[in-house]
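So the structure is just underneath, and the comments pick up after that.
Lettering of chains follows the sequences in order, A, B, ..., and the numbering in each one begins at 1.
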Amino acid sequence: MLDPKFLRESPEVVRAAIAKKHLTVDLDAVLALDAAWRGQLQEVEVLRAQQKAANTAMAALPKGSPEFVAKVAEMKAVSAQAKEKDTALKETEERWRQSMLTLPNLPHATVPEGRTPEENVTFSTHGDVATVSPAAVPHWEIGGFDRLFDFARGAKVTGAGFPFYVGDAARLVRALLHFFLDENARAGYTEVAPPIFVNAASATATGQLPDKEGQMYETTPDHLYAVPTAEVPLTNFFRDEILAEESLPVLRCAYTPCFRREAGSYGKDVRGLNRLHQFDKVELLKWVHPATSYTELDKLRDDAERLLQKLGLPYRVLLMCGGDLGFAQSKKYDIEVWAAGQKRWLEVSSCSNFEAFQARRAQIRYRSRETGRPELVHTLNGSGLAVPRVLAALLENNLQPDGRVKIPPALVPFFGKEFLSFAPG
RNA sequence: GGAGAGGUGGCAGAGUGGUCGAAUGCGCGCGCUUGGAAAGCGCGUAUACCGCAAGGUAUCGGGGGUUCGAAUCCCCCCCUCUCCGCCA
């Protein structure tokens, strides 16, 4: 959510921001609702002030006295009027609040113009794409793949997009998670094991609700949501809290399985491990002082990049243009790993600065020494990293002529062997 | 899941219909005092919204209701604790 005061003072800045993100929002309707709400609020508050004054006066009067009785009669009318206007106010306020939720976050000045993914800017490229296993095949075509990554049985037991990982595959998933968590701990992120179901209030604070309920699995009868990312429980950890300024920045990471319905996203891009309904991911999260959020974003991106560097996987970093930025982000880098078999880039991390957008919804603040008042923190998050696509790249890029997959040296201590084998046994 | 007890400011804890945003204590901040500190004394110490301002309004777990007036009475929900049941 945007700062309502800022919207009032600088509606044209917001209008420009909406244009940069190539979104369509009826800003004038929001402004009109805001004006209406403030007018009604004034009226109600005047009536309430009358009621309070009368209450004080009546407290000093003898209960049954003629003055008292007269006052009761008088205030009955005021009370009725106040109730009526308050009902109207509440209605306006709710409509205003809903309309405020339709306004996107403002893109940062350094975000490039552009409407489509093609207009994202390649920020950097690492590793040599050309020299990686020229004979590589898409991972689902590797001999023995179906035995270690059992999609058929996953579909039987649960549904499409819920594979079983068997033997070395399961071991490699666990090794990657362990590696990611250890590296992140070394980088200063405190590990957290959060709940993987969240309530509606939490999903609203991070922006999944309203509008994206169709993307989440919802439980019956308790109406909890299976987390689409650890970002949701992690960000909400400090919801409605005021942090000490000295405690900032707070750095945390968490592994969770992630659940996404991915409604409507079927097609060529979703084969194998590319897109699943359940996948494992380690998420990095920062709560920072507003003055530092962009240097913290750079460091966050570096932290995610380092993981791919240590695994020896080629990747590139994209700086997202306005049109591809997303509703809640001010600035976002996507990190894409090269999958040599598919000959395409796979997104494995998305590092974003939300500035105060999430913090306002979630009411996460710090007590400012400067102003002496609570101020909103800035929140940032990024994957560090998503497992299946890293796995896909690893399988494809490191495939050996003998059909085995060479495990990167950094991962060997976690995996326990130098090669993953698809052969039975 | 059953039975019972509770949820008030940073914490503890009073308050059962009116002048209560809320006593008191602790904690914290500032000042006095002191060589310095402790003690003592004094003052201060929630959050949000509206308003140019003066000022006003809201909030006692959440929501609804009764009433001229609700922290206080009624209803629903959530959470915590104790006992029982079940259970990795």
Side-chain angles (χ1 to χ4, degrees), chain A residues 1-11 30-101 103 193 195-205 209 218-225 233 236-247 257 356 358-377:
Chain A
M1 192 153 94
L2 293 177
D3 182 356
K5 285 192 193 122
F6 180 81
L7 173 63
R8 264 167 232 151
E9 287 162 10
S10 316
V30 180
L31 290 166
L33 273 172
D34 183 48
W37 171 70
R38 283 187 290 161
Q40 289 180 302
L41 181 65
Q42 278 302 320
E43 289 183 37
V44 169
E45 291 193 345
V46 167
L47 289 174
R48 290 233 184 91
Q50 278 179 43
Q51 287 183 295
K52 281 186 79 165
N55 192 40
T56 307
M58 289 170 77
L61 291 171
K63 270 279 159 57
S65 68
E67 299 96 315
F68 188 92
V69 174
K71 213 66 165 147
V72 169
E74 181 193 336
M75 292 317 292
K76 258 188 189 173
V78 175
S79 176
Q81 204 190 354
K83 210 160 272 182
E84 194 179 309
K85 294 210 171 198
D86 190 53
T87 304
L89 172 69
K90 287 249 178 67
E91 194 182 303
T92 305
E93 186 170 287
E94 180 54 24
R95 288 204 294 148
W96 171 73
R97 207 181 65 80
Q98 289 303 325
S99 75
M100 284 300 292
L101 291 177
L103 299 182
I196 62 168
F197 291 96
V198 294
N199 57 32
S202 295
T204 303
L209 297 178
E218 187 179 356
T219 68
T220 307
D222 299 306
H223 300 291
L224 298 174
Y225 297 92
N236 277 281
F237 186 92
F238 290 122
R239 173 150 55 87
D240 297 323
E241 294 192 28
I242 299 174
L243 308 175
E245 186 171 359
E246 309 79 68
S247 70
Q358 286 184 330
R360 184 171 291 106
R361 282 198 189 191
Q363 284 298 300
I364 304 172
R365 295 172 291 173
Y366 69 98
R367 172 126 4 228
S368 167
R369 259 190 309 263
E370 196 183 331
T371 66
R373 301 162 52 80
E375 306 284 350
L376 295 166
V377 301

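One can place CD of A/Glu74 at 17 Å from C1' of B/U67, the figure rounded to the nearest angstrom. Between the NZ atom of A/Lys63 and the C1' atom of B/G17 there is a distance of 7 Å, given to the nearest Å. As a whole-Å value, the separation of A/Arg97 CZ from B/A48 P is 18 Å. If you measure from atom CG of A/Leu61 to atom P of B/U19, you get 14 Å, rounded to the nearest angstrom. One interatomic measurement links the two molecules: CD of A/Gln42 to P of B/C50, which rounds to 10 Å at whole-angstrom precision. If you measure from atom CZ of A/Arg8 to atom C1' of B/C52, you get 14 Å, rounded to the nearest angstrom. With rounding to whole Å, A/Arg369 atom CZ is found 15 Å from B/G29 atom C1'. Summarising the geometry, the separation between CD on A/Gln40 and C1' on B/C49 is reported as 15 Å, rounded to the nearest angstrom.
Using a 4.0 Å cut-off between charged side-chain N and carboxylate O, A/Arg365 and A/Glu241 make no salt bridge. Classification of A/Glu93 and A/Lys90 as a salt-bridged pair fails, no side-chain N sitting under 4.0 Å from a carboxylate O. Ion pairing between A/Glu43 and A/Lys85 holds under the 4.0 Å rule for side-chain N and carboxylate O.
Under the Watson-Crick or G-U wobble criterion, with both distances below 3.5 Å, B/G10 is paired with B/C26. Pair check for B/A53 finds none; no Watson-Crick or G-U wobble contact set falls under 3.5 Å. Base pairing of B/A88 is not made with any nucleotide, judged by Watson-Crick or G-U wobble geometry with both donor-acceptor distances under 3.5 Å. Across all strands shown, B/A71 has no partner, as no Watson-Crick or G-U wobble contact with both distances under 3.5 Å is found. Remark: B/U34 base-pairs with no nucleotide in the shown strands. Criterion, Watson-Crick or G-U wobble with two distances under 3.5 Å. Across all strands shown, B/U47 is found opposite B/A58 as a Watson-Crick or G-U wobble partner, with both distances under 3.5 Å. Pairing for B/U19 is absent, with no Watson-Crick or G-U wobble pair whose two atom distances lie under 3.5 Å. Here B/A3 sits opposite B/U82 as a Watson-Crick or G-U wobble pair (both hydrogen-bonding atom distances under 3.5 Å).
For B/C79 and B/G27, the C1' atoms lie 26 Å apart once the distance is rounded to whole Å. Comparing B/G7 with B/A14, their P atoms sit 9 Å apart, to the nearest whole Å. Taking atom P in both B/C76 and B/A5, one finds a spacing of 15 Å when rounded to whole Å. The C1' atoms of B/A71 and B/G61 are separated by 12 Å, rounded to the nearest whole Å. Comparing B/U45 with B/A22, their P atoms are spaced 11 Å from each other, to the whole Å. Annotation: B/G21 and B/C26 have their P atoms spaced 25 Å apart (nearest Å). Rounded to the nearest Å, the gap between the C1' atom of B/U33 and that of B/C11 is 29 Å. Straight-line distance between the P atoms of B/G56 and B/G18: roughly 23 Å, to the nearest whole Å.
In this structure, A/Lys76 reaches the sugar-phosphate backbone alone: every heavy-atom distance under 4.0 Å involves primed, P, OP1 or OP2 atoms, never a base.
A donor-acceptor contact closer than 3.5 angstrom is absent between the side chains of A/Thr204 and A/Arg361. Using modelled atom types, one finds no donor on one side chain facing an acceptor on the other under 3.5 Å when comparing A/Thr219 with A/Asp222.
Here the CG-CZ distance, from A/Leu41 to A/Arg38, works out to 10.0 Å after rounding to the nearest 0.5 Å. Summarising the geometry, atom CZ belonging to A/Arg95 is positioned 15.0 Å from atom CE belonging to A/Met100; distances are rounded to the nearest 0.5 Å.
At a threshold of 4.5 Å between non-hydrogen side-chain atoms, the residues A/Leu31 and A/Pro11 count as touching. Within the 4.5 Å cutoff, the side chain of A/His223 has no heavy atoms near those of the A/Asn199 side chain. Contact annotation: the side chain of A/Gln81 approaches that of A/Leu47 to within less than 4.5 Å [non-hydrogen atoms, C-beta and beyond]. Counting only heavy atoms from C-beta outward, the side chains of A/Val72 and A/Phe68 approach each other to under 4.5 Å.
The phosphate of B/G18 has neither OP1 nor OP2 within less than 4.0 Å of any side-chain N or O from A/Thr56.
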List, with names and distances, any nitrogen or oxygen atoms from the protein found under 3.5 Å away from nitrogen or oxygen atoms belonging to nucleotides 56-63 of chain B.
{"residue": "B/G56", "atom": "N2", "partner": "A/Glu45", "partner atom": "OE1", "Å": "3.1"}
{"residue": "B/G56", "atom": "N2", "partner": "A/Glu45", "partner atom": "OE2", "Å": "3.2"}
{"residue": "B/U57", "atom": "O2'", "partner": "A/Arg48", "partner atom": "NH1", "Å": "3.4"}
{"residue": "B/A58", "atom": "OP2", "partner": "A/Lys52", "partner atom": "NZ", "Å": "3.4"}

Which atoms of nucleotides 43-47 of chain B (N or O only) lie under 3.5 Å from a protein N or O atom, and what are those distances?
{"residue": "B/U47", "atom": "OP1", "partner": "A/Arg367", "partner atom": "NH1", "Å": "2.4"}
{"residue": "B/U47", "atom": "OP1", "partner": "A/Arg367", "partner atom": "NH2", "Å": "3.0"}
{"residue": "B/U47", "atom": "O3'", "partner": "A/Arg365", "partner atom": "NH1", "Å": "2.9"}

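Proximity of a side-chain donor or acceptor of A/Thr56 to a complementary backbone N or O of A/Lys52 within less than 3.5 Å is detected. The main-chain N or O of A/Leu7 is never found under 3.5 Å from a side-chain atom of A/Ser10 such that the two would form a donor-acceptor pair.
Residue whose closest nucleotide on RNA chain B sits further toward the 5' end, between A/Met58 and A/Ala54: A/Ala54.
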Carefully, step by step, assess A/Met1 and A/Leu103 under the rule side chain to side chain contact (heavy atoms under 4.5 Å, CB included). CA-CA 7 Å; A/Met1 192 153 94; A/Leu103 299 182; over 6 Å; no
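For A/Arg38, taking side-chain heavy atoms from C-beta onward, the closest of the listed nucleotides B/G69, B/G18, B/G51 is B/G51.
Annotation: proximity of residues 84-96 of chain A to RNA chain B (heavy atom, distance under 4.0 Å) is found for no residue.
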